[in-house]
Enquirer: 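Before I ask anything, let me first share the structure, which is written out below as structure tokens.
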Amino acid sequence: MHVELLSARYESAYQDFLRQFESPQFYSSLGYLRLLRQYTGAELKVYLALEKASIVGVLPTMEMVGGAGKVLNSLPYFGSLGGVIATSLESERLLTSHYNELVEGGEYVAATWVENPLQKAMPTIQISHDHKDYRIGQITDLGSIESSEDVFSLIHSSTRRNIRKAVSSSVRTVVDSGDIDTLFEMHCASMAAINGKAKESAFFDSIASNMTPDEDYEIIYATLNGKKIAGILLFFHTNYVEYFTPASLGEYRDIQPTAAILHDAILAAAQNGKTMWNWGGTWQTQEGVYKFKKKWGAKDFHYNYYTKINNSKIYSMSRAELEAQYPHFFVLPYSELKGT
């Protein structure tokens, strides 16, 4: 067994390898990795554990060069999951050891490994790190859903009221995966309203050039009298749905258009054979976001960010400097900066 970088000869086998796992592997899929490469401009390096030319483990990584040096992530950008995906303890150890050698070798000023909440490293395998940051993954099991009544039995009473309010207000939903521009405009307006950081237009532009609409991703809109008033971007991989970008027009939020979208999207996903809905990671401080996901039947799966620092100058940088020099990458927990 040995380690090689992913090349064109293994791309088909790589995708087949990911499909055999029940845990969510969307973030390691080639479509998403290529999207990130195009959008961030970072270098993509996917390490393979090979046994007799067969893939038995994978470790996707990306690296970016900034003012302080080179930073490695597995993986960067808005809560993407990373780490090793393997069929055996032996192949997992091989790739984890390879990662540890990389991040301890001095090439990188900082490196972060993001766990997959449903496929964490074995307790006997140690990931080299100086800092550990905590996240809560939230996932809803769709396996028992066959009808709208099943959705209603899964969710909180207040969420059921929100759906009924949207329906009584004549809100309807429509799939229009070709209309990314409207979602982007809504997203920017939504984030501005809460002083949040919006995803850039280049990210949305990268979706269509790396993925197939209605197969790899879907955009669902809520409409009122034919006008689009809310939307959600979903990604698909095997039996999983990834809830990625919700957005709505502020003047219509009182009639709960997002609740209508989520009801219809969850029901359609279940009826199309999807078994898990991944809401993504939540910080401990995001109490409102956590409760929102919980009301949609989400269960908690805890996971960590493991960060190794090889240049102490990183600690003296400001948050603004880190974000400017390493956009979309996780360098270290901001609480570890000396200026905080």
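Not measured: the values here are computed from a predicted model.
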Enquirer: Who passes salt bridge (Lys or Arg N to Asp or Glu O under 4.0 Å) against Arg253, sequence neighbours left out?
Expert: none
Enquirer: Under the side chain to side chain donor-acceptor pair (under 3.5 Å) criterion, do Ser28 and Tyr14 qualify, and how do the steps go?
Expert: CA-CA 10 Å; Ser28 298; Tyr14 178 88; 4.7 Å; no
Enquirer: Val84 pairs by side chain to side chain contact (heavy atoms under 4.5 Å, CB included) with which of Asn116, Thr96, Ile127?
Expert: Thr96
Enquirer: For Phe292 and Tyr243, take the angle between the two ring planes, folded into 0 to 90°, and tell me which bin it lands in: parallel under 30, tilted 30 to 60, perpendicular over 60.
Expert: tilted
Enquirer: Test Glu321 against every option in Arg319, Met317, Glu323 by the side chain to side chain contact (heavy atoms under 4.5 Å, CB included) rule and name the one that passes.
Expert: Met317
Enquirer: Are Arg34 and Glu11 ion-paired here, with the side-chain N under 4.0 Å from a carboxylate O?
Expert: yes
Enquirer: Which pairs with one or both residues in residues 268-280 pass salt bridge (charged side-chain N to carboxylate O under 4.0 Å, His left out), sequence neighbours excluded?
Expert: none
Enquirer: With Asp150, which residues qualify under salt bridge (Lys or Arg N to Asp or Glu O under 4.0 Å), at least two apart?
Expert: none
Enquirer: Counting C-beta onward and ignoring hydrogens, is there a side-chain heavy-atom pair between His263 and Ile261 closer than 4.5 Å?
Expert: no
Enquirer: Of all the heavy-atom pairs spanning Thr112 and Tyr99, show the shortest one and how long it is.
Expert: C-OH, 3.5 Å
Enquirer: Using the side chain to side chain donor-acceptor pair (under 3.5 Å) criterion, which residues pair with Asp141? Sequence neighbours excluded.
Expert: none
Enquirer: Please report the C-alpha distance between Phe21 and Phe17 in whole Å, then the side-chain angles of each, then the deciding distance to 0.1 Å, and finally whether the ring pair (Phe, Tyr, Trp, His ring centres under 6.0 Å) criterion is met.
Expert: CA-CA 8 Å; Phe21 293 89; Phe17 176 82; 5.1 Å; yes
Enquirer: In residues 170-177, what donor-acceptor pairs under 3.5 Å come from side-chain atoms, sequence neighbours left out?
Expert:
residue, atom, partner, partner atom, Å
Thr173, OG1, Asp264, OD2, 2.5
Asp176, OD2, Lys228, NZ, 2.7
Ser177, OG, Asp214, OD1, 2.5
Ser177, OG, Ile219, N, 3.2

Enquirer: Give me the one residue out of Val114, Leu81, Leu33 that meets side chain to side chain contact (heavy atoms under 4.5 Å, CB included) with Leu75.
Expert: Leu33
Enquirer: Could you go through residues 101-110 and list every donor-acceptor pair under 3.5 Å that involves a side-chain atom there, pairing it with any protein atom two or more places apart or in another chain?
Expert:
residue, atom, partner, partner atom, Å
Glu104, OE2, Ser128, OG, 2.7
Glu107, OE2, Lys70, NZ, 2.9
Tyr108, OH, Glu63, OE1, 2.6

Enquirer: If the condition is side chain to side chain donor-acceptor pair (under 3.5 Å), which residues does Gln20 pass it with, not counting sequence neighbours?
Expert: none
Enquirer: Using the side chain to side chain donor-acceptor pair (under 3.5 Å) rule, take His187 and Glu185 through it: C-alpha gap first, then chi angles, then the decisive distance, then the call.
Expert: CA-CA 5 Å; His187 169 65; Glu185 293 168 4; over 6 Å; no
Enquirer: Would you give me the side-chain donor-acceptor pairs under 3.5 Å for residues 53-61, sequence neighbours excluded?
Expert:
residue, atom, partner, partner atom, Å
Thr61, OG1, Lys45, O, 2.7

Enquirer: Which heavy atom of Gln138 sits nearest to which heavy atom of Lys294, and what is that distance?
Expert: NE2-N, 3.7 Å
Enquirer: With clusters built from Ile, Leu, Val, Met, Phe, Trp and Tyr whose side-chain heavy atoms come within less than 4.5 Å, directly or transitively, what are the remaining members of the cluster of Ile136, listed by chain and number?
Expert: Tyr134, Tyr290
Enquirer: Between the main-chain N or O of Asn304 and the side-chain N or O of Glu115, is there a donor-acceptor pair closer than 3.5 Å?
Expert: yes
Enquirer: Output all residues satisfying ring-ring contact (aromatic ring centres under 6.0 Å, His included) with Phe235, sequence neighbours left out; order by chain, then residue number.
Expert: Phe26, Phe244
Enquirer: Cation-pi between Lys199 and Phe78: NZ/CZ under 6.0 Å from ring centre and within 45° of the ring axis?
Expert: yes
Enquirer: I'd like to check the side chain to side chain donor-acceptor pair (under 3.5 Å) partners of Asn162; sequence neighbours left out, ordered by chain and number.
Expert: none
Enquirer: Under the side chain to side chain donor-acceptor pair (under 3.5 Å) test, which residues partner Ser74, sequence neighbours left out?
Expert: none
